[in-house]
Amino acid sequence: MNPLKICIVSVALLLVGGCAGGGMPIPGAGGMPSLAQITQAAKSVQTASKDIEEPEEIEMGQGIAQSLLGAAPLVKNDRIQRYVNQVGRWLALQTERPDLPWTFGVIDNENVNAFAAPGGMIFITNGLLKGLSNEAELAGVLAHEIAHVVQKHQLNAIKSGAGADLFKQGGLALADQKLGKSAGGQIVKASGLAEAGAELIKQGLFTKPLDRGLEYEADRMGVIIAARAGYDPYGLVTVLQMLQNAKGDNPMLALLFKTHPNPADRIEQLEKLASTLDAYQGGDQGRERFAAALGLKVEKAPPVKDPAKPTPKAPAKTTPKPAAKAGG
Amino acid sequence: MGCKKWFAISCEIKDSRQPSYHAGMIRPAFFLSVLLACAAPCAGAQESATTNRATELRAEPQIDAPVLAALPEGKNVKAIQRQSGWAKIEADQKTGWVRVFHLRFQATVSQTSEASGSSLLSFFKGKPRGPSTQTATIGVRGLSEEELKSATPNPEALKKLQSFMADRSVSESFAREANLAAVRVDYVDGESSSAAKGSRK
């Protein structure tokens with residue numbers, strides 16, 4: 001790695017590197033930061049952002065949520081909001097982070113998308129919600145987002161900046177704020193969080209893709225989380241096939257497609273789990289509950305067992321305790 | 001796409017239950033497209049799909065069900081119904097079941113729109129939805145990158161949202177009423193190890 005590159009990286013990553021103030025050093029021009037400087041800078045940023053503990057993670061997520069809600073208001077329907085929170089929390093209870101302050105919001109926007117922010121803040125757009133036809137599909141979507149939070153995908157992107165330069169400044173803004181570096185050193189906590197959240201969104205938290213592998217992981221975990229909660233794990237597959245079908249020039253899907261792998265690729269990845277999916281297919285669909293919560297006219301469920309019976313519901317692995325999970 | 005699934009649904013819901021909250025927030029371009037989409041007939045409960053590999057048409061949605069026909073890769077079929085990992089389809093005057101993973105649902109582009117007359121909506125929802133006749137109050141706003149990036153924080157909205165949170169006991173009683181039983185299933189592919197480190201309780 002040449003010195004210029006090192007310096008750029010340290011500036012971008014650390015903002016405290018020795019090369020930030022005095023102009024960009026040119027290779028061989030003598031302005032190159034010493035190894036000691038770089039190490040020192042690395043230590044500083046570690047103190048600032050490496051160990052984001054759960055309380056900070058939660059605060060960060062709430063700051064982000066405030067700003068997302070500034071871009072798109074909540075759907076003004078308490079019943080729908082409560083319903084999505086119940087389904088979402090039930091799913092989250094089946095994960096390794098059951099006790100986060102999980103919060104699920106339906107935002108009033110026709111764009112088809114869903115978002116996760118650190119600490120358990122999950123959003124689904126009205127546009128996507130209305131495209132779904134049952135609770136198992138909703139569970140698939142929410143479980144995908146929950147998996148992002150369980151695995152701290154967004155948090156890691158924010159704090160490490162690995163492969164995503166645009167996350168860095170926002171992460172540092174928050175780190176600075178945590179260190180009391182922001183204007184005056186005594187900022188109002190809430191507004192500081194909100195500012196940091198807004199900054200993270202500006203820097204691309206919801207508009208830059210995560211690594212494809214992380215999306216596939218969230219899909220794989222999502223179907224399992226849905227199955228754990230008693231749902232038909234094919235719900236997510238169904239949603240992805242809807243997206244596959246809808247793909248084209250629909251502007252309401254543009255951001256989703258920009259930030260996620262192609263639906264066909266995601267389906268192909270999930271097919272690797274087909275035997276697991278099959279083992280739990282026939283789980284609950286929740287069609288009527290879904291329709292009732294959304295105030296849809298309840299359609300007669302199609303003759304679901306037509307003509308054959310599905311594989312019997314999940315094999316004898318049932319345990320009465322939702323929180324107890326093997327292998328975690 | 002024939003009926004612009006997402007748009008068509010939005011017509012229905014807006015019209016019936018949420019008439020007010022979009023008022024005054026209409027974007028002309030989207031508004032027009034929604035009008036057109038809603039006016040277009042959402043005909044047919046069937047969806048076109050193509051086999052993405054050679055597969056079998058089976059009498060029942062089960063892997064060991066009798067084979068009615070062998071389907072080559074690239075076969076165009078009509079999908080009628082879905083049941084978990086299986087789709088009921090029609091091909092060559094035969095009706096049977098195919099693995100959903102063996103079907104590719106066509107990416108549709110709006111230029112052919114009305115011609116195809118099909119909507120995934122109808123397939124996945126079990127029946128077609130008729131066109132809406134009340135489109136006057138519909139507004140559609142996209143959540144664009146620009147909108148996201150120019151967002152200003154709304155702490156009140158977060159407080160409001162937090163009032164809807166479901167705690168453990170609320171969600172557990174929701175699940176009980178819904179007859180949702182927790183099942184023990186392990187992650188596949190080793191996510192479990194990385195998930196387990198950290199804050200697992």
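Heavy-atom basis, side chains included; hydrogens, waters and symmetry copies ignored.
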Contact origin within A:Thr276 toward chain B - heavy atom pairs under 4.5 Å = side chain
CD (A:Gln86) and CZ (B:Phe164) are apart, to the nearest 0.5 Å, by 12.0 Å
Go through A:Leu255, A:Val106, A:Val237 and name the one with the most non-hydrogen pairs under 4.5 angstrom from chain B.
-> A:Val237
Non-hydrogen atoms of chain B under 4.5 Å away: do they reach the side chain of A:Pro233, the backbone, both or neither?
-> neither
Here the pair of heavy atoms bringing A:Tyr280 nearest to B:Val183 is CE2-CG1, 3.6 Å
Contact class of A:Asp78 relative to chain B, heavy atoms under 4.5 angstrom = both
Let me know if A:Ile267 has heavy atoms under 4.5 Å from chain B in its side chain, its backbone, both or neither.
-> both
Are any of the side-chain nitrogens in B:Arg82 or A:Glu137 under 4.0 Å away from the carboxylate oxygens of its partner?
-> no
Which heavy-atom pair separates B:Asp186 from A:Ile224 by the least distance, and what is that distance?
-> O-CG2, 3.7 Å
Sort A:Lys272 into side chain, backbone, both or neither according to what part of it lies under 4.5 angstrom from a heavy atom of chain B.
-> neither
Check whether A:Leu273 gets within reach of chain B through its side chain, its backbone, both or neither, counting any heavy atom under 4.5 Å.
-> side chain
Report the distance from atom CD of B:Gln62 to atom CG of A:Asp278, rounding to the nearest 0.5 Å.
-> 11.0 Å
Which bit of A:Arg82 comes within less than 4.5 Å of chain B, counting heavy atoms only: side chain, backbone, both or neither?
-> both
A:Glu268 portion near chain B, given a 4.5 angstrom heavy-atom threshold | neither
Chain A contact via B:Phe174 - which portion, at a heavy-atom distance below 4.5 Å | side chain
So CG of B:Leu158 and CG of A:Leu68: to nearest 0.5 Å the spacing works out to 10.5 Å
Distance, nearest 0.5 Å, that separates OG of B:Ser84 from CD of A:Gln281 | 4.5 Å
Considering all heavy atoms, the nearest B:Pro153-A:Ser67 contact = CG-OG, 3.8 Å
Indicate the atoms forming the closest heavy-atom contact of B:Met165 with A:Asn85, along with that distance.
-> CA-OD1, 3.7 Å
Counting heavy-atom pairs under 4.5 Å to chain A, which of B:Ser163, B:Ala65, B:Ala166, B:Ser173 comes out on top?
-> B:Ala166
Atom group of A:Val87 that falls short of 4.5 Å from chain B, counting heavy atoms = both
Under 4.5 Å from any heavy atom of chain A - which part of B:Leu103 = backbone
If you round to the nearest 0.5 Å, how far is CG of B:Leu180 from CG of A:Asp284?
-> 5.0 Å
At what distance, to the nearest 0.5 angstrom, does OH of B:Tyr187 lie from CD of A:Gln151?
-> 7.0 Å
Shortest non-hydrogen pair, A:Tyr234 vs B:Val100, comes out as CE2-CG2, 4.1 Å
Over all atoms of both residues, closest heavy-atom pair of B:Gln162 and A:Gln62 | NE2-NE2, 3.2 Å
State whether the number of non-hydrogen atoms from other residues, nucleotides or ligands found under 6.0 Å of A:Lys258 atom NZ is greater than 12.
-> yes
Mind checking whether B:Lys160 and A:Leu69 have side chains closer than 4.5 Å, heavy atoms only?
-> no
Per-residue contact mode, A:Leu277 against chain B (heavy atom under 4.5 angstrom) = side chain
Identify which of A:Ala227, A:Ala264, A:Gly70 forms the greatest number of heavy-atom pairs closer than 4.5 Å to chain B.
-> A:Gly70
Would you check, one step at a time, whether the test side-chain contact (heavy atoms from CB on, under 4.5 Å) holds for B:Gln83 with A:Gln285?
-> CA-CA 10 Å; B:Gln83 181 182 310; A:Gln285 299 272 349; over 6 Å; no
Honestly, the part of A:Ala65 sitting under 4.5 Å from a heavy atom of chain B is side chain
Of the backbone (N, CA, C, O) and the side chain (C-beta and beyond), which part of A:Leu100 lies under 4.5 Å from a heavy atom of chain B, both, or neither?
-> neither
Would you check, one step at a time, whether the test side-chain contact (heavy atoms from CB on, under 4.5 Å) holds for A:Asp99 with B:Arg168?
-> CA-CA 8 Å; A:Asp99 295 319; B:Arg168 180 185 281 267; 3.2 Å; yes
Which one, A:Ala147, A:Gly88, A:Ala274, leads in non-hydrogen pairs under 4.5 Å with chain B?
-> A:Ala274
